[in-house]
Amino acid sequence: MDQRQLTLLLESIVERLDIPPSHYEKARDRCESLGNWLHRKESAVAGLSPALFPEGSFRLGTVIRPLLKHEEYDLDLVCEVALSNSHVTQKHVKDVVGGEVAAYAEAYGISEPVTEGNRC
């Protein structure tokens, strides 16, 4: 195999592994939508200046396509709030932000249940 063929083969592999631009845009739009939800007047965290940003593979630009077509991409987000930890507990912040995420899912008809994890 010559250099040109090897280059074409590697480019083809990368193209199959890489996230399509439309999926990246969809993830970015959903992150922005959730951020807007957290900033709405009725939000329990609006006064805490919530800031959302991607974490993990999206942040690093190393997202790869799921192995199977029916699988979804995993988008990890961090929600930073302007709050001193001397005023509330971590559990309280987790519960309040989690409540807003659950309300967002319900408002937008997201069928996947919102579940609590160790840190989120």
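Please read these numbers as outputs of a predicted model, since none were measured by experiment. These values consider heavy atoms only, across backbone and side chains, with no hydrogens, waters or symmetry-generated copies.
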Using 30° and 60° as the class boundaries, would you call the ring planes of W37 and Y108 parallel, tilted or perpendicular? perpendicular
Validation row: V81, S49 side chains within 4.5 angstrom (heavy atoms): no
A102 and V114: which non-hydrogen atoms are nearest, and at how many Å? CA-CG2, 3.9 Å
Group every Ile, Leu, Val, Met, Phe, Trp and Tyr by side-chain heavy-atom contacts under 4.5 Å, then state whether V78 and L34 land in the same group. no
Residues, nucleotides or ligands: over 12 heavy atoms within 6.0 Å of E106 CD: no
Salt bridge present between E100 and R40 (N-O < 4.0 angstrom): yes
Considering residues, nucleotides and ligands other than R28, do more than 12 of their heavy atoms fall under 6.0 Å from its CZ? yes
Please round to the nearest 0.5 Å and tell me the distance separating atom SG of C79 and atom CG of L48. 8.5 Å
So how far is it from K91 NZ to T89 OG1, rounded to the nearest 0.5 Å? 7.5 Å
For G35 and L52, work out which heavy atoms get closest and say how close. N-CD1, 3.4 Å
Evaluate whether atom CD of Q90 has more than 12 neighbouring non-hydrogen atoms of other residues, nucleotides or ligands under 6.0 angstrom away. no
I want to check something: taking the side chain as every heavy atom from C-beta on, are L6 and D2 in contact at a cut-off of under 4.5 Å? no
Is S12 reaching over with its side chain to a backbone N or O of L8, donor-acceptor style, under 3.5 angstrom? no
Less than 4.5 Å apart, side chain to side chain, heavy atoms only: is that true for P50 and H39? yes
Roughly how far apart are D76 CG and R59 CZ, rounded to 0.5 Å? 12.0 Å
Do C31 and F58 have side-chain heavy atoms sitting under 4.5 Å apart? no
Is there a path of hydrophobic side-chain contacts, each under 4.5 Å between heavy atoms, that joins F53 and L38? no
